[in-house]
Amino acid sequence: MRSNTLKAALALCAAASLAAAMAPASASAAAPKPKPQHGTGVPVIVNCTWQPQVRPTDFLLACGDGNSRLTSLHWSQWGPSKAVATGTSWVNDCKPYCAAGKFRSYRVTVRLDRPQSWTKHQDTQHYSRITLSYPDGHPDAFQQVMTTPLWN
């Protein structure tokens, strides 16, 4: 009789542990930012995992190796033709090679523009070009102002 009670208690504990482990992490965390709805007319920026974002605080530029990212972005504008933010650009100096390199931070102004239809969702506009301006110095491999297309 006693062993049946012990087995039942252990089974209940195991079930409770499993249920806690299976609960979504968001159940105890703060509510995530809502994702933009497709076709709302507000341009988005598309991240490395093909997710649309509006006013992201962080953005990975080097999807393949993670050697360049933007952080602490503060958006002063997000409109139908352009978006502007200030933040920090973290770039791996890759010296003597990328795996042994050090990440260096640079103050940066970010400008997104040239909205066009997103290939994945034709009813959604996405910014197709990014310009990074470095007012106080820039990574060795970069110019003071860098303009490049964004993926779509």
So, for Y127 and W118, is the gap between ring centers shorter than 6.0 Å? no
So does K120 have more than 12 non-hydrogen atoms from other groups sitting under 6.0 Å from NZ? yes
Rounded to the nearest 0.5 Å, how far does CZ of R107 lie from CG of D136? 4.0 Å
Has the side chain of S128 got a donor or acceptor atom that lies under 3.5 Å from a matching backbone atom of R114? yes
Please step through side-chain contact (heavy atoms from CB on, under 4.5 Å) for the pair W90 and L70, ending with a clear verdict. CA-CA 6 Å; W90 287 91; L70 303 171; over 6 Å; no
Residues D113 and R129 bridged, charged N to O under 4.0 Å: yes
Once rounded to the nearest 0.5 Å, what's the spacing between atom CG of L132 and atom CD of Q144? 12.0 Å
Could you check if a side-chain atom of Q77 sits within less than 4.5 angstrom of a side-chain atom of K82, using non-hydrogen atoms only? yes
Expected output: side-chain W151 to main-chain V46 donor-acceptor under 3.5 Å: yes
Note, H126 side chain near P43 side chain (heavy atom, < 4.5 Å): no
Check the pair Y134 / S89 against side-chain hydrogen bond (donor to acceptor under 3.5 Å, both in side chains), numbers first and verdict last. CA-CA 9 Å; Y134 296 93; S89 173; 3.1 Å; yes
Looking at P115 and Q125, what are the two nearest heavy atoms and their distance? C-OE1, 3.5 Å
If only atom types and distance count, is the side chain of N92 paired as donor or acceptor with the main-chain N or O of C98 below 3.5 Å? yes
Smallest separation among heavy atoms of Y106 and G137, with atom names: CD2-O, 3.6 Å
Do H138 and Q143 pass the side-chain contact (heavy atoms from CB on, under 4.5 Å) test, and can you show the C-alpha distance, the side-chain angles, and the key distance before you say yes or no? CA-CA 7 Å; H138 54 83; Q143 298 172 357; 5.5 Å; no
Between T109 and S133, does a side-chain hydrogen bond (donor to acceptor under 3.5 Å, both in side chains) hold up when you go through it step by step? CA-CA 5 Å; T109 299; S133 301; 5.8 Å; no
Quick one: closest heavy-atom pair of S68 and L60, and the distance? O-CD1, 3.5 Å
If hydrophobic clusters are built by linking Ile, Leu, Val, Met, Phe, Trp and Tyr wherever their side-chain heavy atoms come under 4.5 Å apart, do W50 and L150 end up in the same one? yes
Yes or no on side-chain contact (heavy atoms from CB on, under 4.5 Å) for V91 and R104, after CA distance, side-chain angles and deciding distance? CA-CA 5 Å; V91 180; R104 311 264 182 210; 5.8 Å; no
Could you walk me through whether L112 and V84 pass the side-chain contact (heavy atoms from CB on, under 4.5 Å) check? CA-CA 6 Å; L112 306 174; V84 178; over 6 Å; no
Kindly give the heavy-atom pair with the smallest separation between G87 and L73, and that separation in Å. CA-CD2, 4.1 Å
From C48 atom SG to R69 atom CZ, the distance as rounded to the nearest 0.5 Å: 8.5 Å
Minimal heavy-atom distance between F59 and N47, with the atoms involved, is CE1-CA, 3.7 Å
If you measure from CG on L61 to OG1 on T148, what distance do you get to the nearest 0.5 Å? 9.0 Å
Indicate the atoms forming the closest heavy-atom contact of V110 with W75, along with that distance. CG1-CH2, 4.3 Å
